[in-house]
Amino acid sequence: MKIPGSLLFAIALFSSGAASAQNFTLCEGEYIESRNNKCTPYEVYAYCYVAKQVAQDKCTQLGASGEPKMVQMRSEGGNMCGYTNYRVICQPK
């Protein structure tokens, strides 16, 4: 049986440990209440200007010790600091 190249890549990626990283979505904004919150669905909330520290704390809780990588997915203006969604990837040290 021939294994497709994409499947081999997925197996190699999984076995290399890259798939074991902890990921989560984070919303940064002034209001957490759904009537005011302009973020798309998220798993962790951070008040204005503390998203990086909240991401670091959550990654530490998940067992990662490296600095988290934060990828901005979307941003919308409004209220004190706007609303920004991030994909956070916890990095092992």
Side-chain angles (χ1 to χ4, degrees):
M1 179 172 102
K2 185 174 180 180
I3 300 174
S6 59
L7 181 57
L8 287 174
F9 175 74
I11 292 168
L13 184 65
F14 182 75
S15 64
S16 72
S20 65
Q22 298 287 338
N23 304 316
F24 58 91
T25 54
L26 183 143
C27 168
E28 178 183 37
E30 185 175 9
Y31 296 108
I32 193 170
E33 299 92 8
S34 60
R35 64 183 165 79
N36 293 321
N37 193 331
K38 297 178 181 179
C39 282
T40 57
Y42 57 91
E43 298 163 297
V44 176
Y45 170 77
Y47 189 72
C48 296
Y49 314 116
V50 296
K52 187 171 183 174
Q53 184 59 52
V54 170
Q56 179 69 60
D57 292 347
K58 180 67 176 177
C59 285
T60 299
Q61 287 176 355
L62 294 171
S65 57
E67 186 173 336
K69 183 181 288 187
M70 297 177 66
V71 180
Q72 183 177 323
M73 304 305 288
R74 70 180 288 280
S75 186
E76 181 176 325
N79 298 321
M80 188 167 88
C81 62
Y83 293 88
T84 305
N85 282 94
Y86 296 97
R87 165 63 62 192
V88 179
I89 302 139
C90 300
Q91 302 293 316
K93 203 160 205 178

Is it the case that the side chains of T84 and E28 hold a donor-acceptor pair, with the cut-off being a distance below 3.5 Å and no angle test?
no

So, do N23 and V88 sit near enough that their side-chain heavy atoms are less than 4.5 Å apart?
no

Stepwise, does the salt bridge (charged side-chain N to carboxylate O under 4.0 Å, His left out) test hold for K58 with E43?
CA-CA 11 Å; K58 180 67 176 177; E43 298 163 297; over 6 Å; no

State, to 0.1 Å, how close C39 and N85 come at their nearest heavy-atom pair, and which atoms those are.
CA-OD1, 3.5 Å

Side chain to side chain donor-acceptor pair (under 3.5 Å) between D57 and Q53: does it pass, once the steps are laid out?
CA-CA 6 Å; D57 292 347; Q53 184 59 52; 2.7 Å; yes

Given the rule in the side-chain contact (heavy atoms from CB on, under 4.5 Å) test, do F24 and C90 qualify, once you have shown the distances and angles that lead to the verdict?
CA-CA 8 Å; F24 58 91; C90 300; 3.6 Å; yes

With rounding to the nearest 0.5 angstrom, report the OG to NZ distance, S75 to K38.
11.0 Å

Report the C-alpha separation of R74 and T40 in whole Å, then their side-chain angles, then the decisive distance to 0.1 Å, and conclude whether the side-chain contact (heavy atoms from CB on, under 4.5 Å) test is met.
CA-CA 9 Å; R74 70 180 288 280; T40 57; 3.4 Å; yes

Donor-acceptor check, side chain of E30 to backbone of N79, threshold 3.5 angstrom: yes or no?
no

With side-chain contact (heavy atoms from CB on, under 4.5 Å) as the criterion, how do C81 and Y49 come out once you've worked through the C-alpha distance, each side chain's angles and the decisive distance to 0.1 Å?
CA-CA 8 Å; C81 62; Y49 314 116; 3.5 Å; yes

Looking only at heavy atoms, the pair that brings A51 and Y86 closest together is CB-CE1, 4.2 Å

Evaluate the side-chain proximity of V54 to V44: yes if any heavy-atom separation is below 4.5 Å, no if none is.
yes

With the side chain counted from C-beta on, respond yes when R87 and M70 share a heavy-atom pair under 4.5 Å apart, and no when they do not.
no

Nearest atoms (heavy-atom pairs only) where Y42 meets L26
CB-C, 4.3 Å

Closest heavy-atom contact between Q91 and K69?
NE2-CB, 3.9 Å

